[in-house]
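Just below is one structure, and these are the notes that go with it.
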Amino acid sequence: MKEKRSLSIYNSLSGKKEPFVPLHEGHVGLYVCGPTLYSEPHMGNMRTFINFDFIYRCLRHLGYQVKYVRNITDAGHITNSAGQEIDSIGSAARLEQVQSLEIVYKYNVKFQELQRLYNLLPPTIEPTATAHIQEQIEAIELILEKGFAYVENGSVYFDVQAYSKSFHYGTLSGRKIDELAQETRALNAQDEKRFFADFALWKKANPEDMQVWRSPWGNGNPGWHIECTAMSTKYLGKQFDIHGGGMDLKFPHHEDEIAQNCGAFGCNPARYWMHANMLNVNGQKMSKSFGNFFLPKELVEGTSPLFKKAYSAPAVRFFMLQAHYRSTLDITDEALSASEKGFERLLEGLSLVGGLSPGTQSTIDIYPVIAAAEAAICDDFNAPLLIASLFDAVKHVHAIQDGKATLNAEDLAALTQFFTTMVQGVLGIETPAKEENHRLAGVMDVVLHLRQNAREQKDWTTSDLIRDGLAKAGIQVKDSKDGTSWH
RNA sequence: GGUCUCGUGGCCGAGCGGCUAGGCACCGGUCUGCAAAACCGUAUACUCCGGUUCGAAUCCGGACGAGACCUCCA
């Protein structure tokens, strides 16, 4: 009996929130630009994937059947927009003195580990670029047939000038070609391109290239943008509902993807473009080139010099979702530890709600809270607002726990269902499994029993000695009405 | 230089024309042998200057400041 709600999504194409209308009722085609496997994904990369994982979960929660395609780039991007040729994976391979495939395999394993660590649902399909060379070649052929590309010395370039006669180049980024011409930084001697804004669809192989594929134009490598066009078309069609990715991909990558798709099929690949904002460190984008990045692993292990302690993956995920996906988020030790406390409070609420007993009648109305949460999801996937409503629910849970309020069986079931669905299903936060150390637990039972005896005899010296001693050992004792616990 | 985004209380971070965001910290309270923990509660805000409006953090213009993109980037 899920209420039909109208979802609205901020569309980067229009710069506005728009009501979401899927191409096929009840179904959503979602394509997200995934990682390039030339290094271990850093925390900034993970923020984008966490955000889109949340969006994916929201769409499913709203009852949509979602086909979620997230590509894996395992072919080095060959670009020459600045007259330079960069094969990221090949470079990494040379640096590590191994073959390209080893690089790709190594970092793919790491990425899969991170997906599990941060509780990312597996996409419906995770296609790789190297497994779709044929599709990329076919897409390039189609663009050539339509007259929006040209072959030059074994390479194929997208012809932006020809394209501009039929389509508007710059719909997504708002860039204008003549402005671009002036803005483009000093270039090296122009190469085979006819026009500065042209970009490579296929690049002729260099002698030192490790990965090379055959094509109608000779041996070479696919261009940076064409894999997304080829794979999104294959798995989602010429046009689908939502295309997502990091903000930094908006230009030129997504702009060129649009040009390719329009050039090949006459339509924008996606009706809604969504861009996740950057993770900042000290107010600046986390980036390989700034050197201010850290790895997800370092955060979980507490080995990054930026942070005083370790933060669990669910806590980090929660921290990320406390900011809206379209806002930049500055990650600092202070912000993270503040968020962690709230995170624990939420988990406490989650564990309490299951143990509550129903009353004969309800003295509080929980449905406004549930409605607020659903509305937050529908308002451009507003995770922070959703979390705020969950904290309202936590207050209700405590009130019931303290006997200050009651819920009848039906309402209590609704609250419990709501809480677990939102925290685990939608936010994707799994309670971290408590590490059970039976021997320590046995020792603690004895120690706390001794302390309890001392307390009953008002032997405060002994009881405080035990308490302070445990504190030094990193164990905190918590006294409450129901007894003493520790962690 | 061009294009765009953003400036919210001690910190993080929502809201985007009128109605308490939320979390953390602070302060007060309950509990406690004292603490801690836990729970409850109060307070503090919208960079500046103009304009529109009965009414603006919220819309428009300007100033200042920050960031992103224009080059590989999630």
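When reading the values below, keep in mind they use all heavy atoms of this one structure, side chains included, and skip hydrogens, waters and symmetry mates. Chain A is the first sequence line, chain B the second, and so forth, proteins listed ahead of strands; every chain is numbered from 1.
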Does Phe49(A) stack onto the base of rA74(B), taking stacking as ring centres under 5.5 Å apart and planes under 30° apart?
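Taking the rule of under 5.5 Å and under 30°, the ring of Phe49(A) does not stack on rA74(B).
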
Hey, is Lys285(A) close enough to Asp248(A) for a salt bridge, meaning N to O under 4.0 Å?
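Result for this pair is yes, salt bridge flagged.
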
Would you mind checking if Asp468(A) and Lys472(A) are paired as a salt bridge, meaning a charged N to carboxylate O distance below 4.0 Å?
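Here Lys472(A) does not pair with Asp468(A) in a salt bridge, since their nearest N and O are not under 4.0 Å apart.
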
Do any N or O atoms of the protein come closer than 3.5 Å to N or O atoms of nucleotides 15-22 of chain B, and which pairs are they?
| unit_1 | atom_1 | unit_2 | atom_2 | d |
| --- | --- | --- | --- | --- |
| rG15(B) | OP1 | Asn382(A) | ND2 | 2.9 |

Between [N] ([atom2]) and [X] ([atom1]): distance, integer Å:
X         : N       : atom1 : atom2 : value
Lys250(A) : rC72(B) : NZ    : C1'   : 19 Å
Leu37(A)  : rA74(B) : CG    : C1'   : 13 Å
Arg467(A) : rG33(B) : CZ    : C1'   : 9 Å

Donor on one side chain, acceptor on other, His225(A) and Glu255(A), under 3.5 Å
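No donor-acceptor contact under 3.5 Å links the two side chains.
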
Side chains of Thr332(A) and Asp330(A): is there a donor and an acceptor less than 3.5 Å apart?
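Thr332(A) vs Asp330(A): no donor-acceptor pair found between side chains.
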
On the nucleotide rC69(B), are OP1 or OP2 found under 4.0 Å from the side-chain N or O atoms that Lys285(A) carries?
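Answer yes for this pair, as a side-chain N or O of Lys285(A) is under 4.0 Å from OP1 or OP2.
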
Determine, using ring centers only, whether Phe49(A) and Phe111(A) are less than 6.0 Å apart.
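Between Phe111(A) and Phe49(A), the centre distance is under 6.0 Å.
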
Given the side-chain rings of Phe307(A) and Phe294(A), with only the six-membered ring counted for Trp, is the space between their centroids under 6.0 Å?
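So the answer is yes for these two rings.
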
With a 3.5 Å cut-off and just heavy-atom distances, do the side chain of Asn51(A) and the base of rA74(B) make a donor-acceptor pair?
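Side chain to base: no pair present.
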
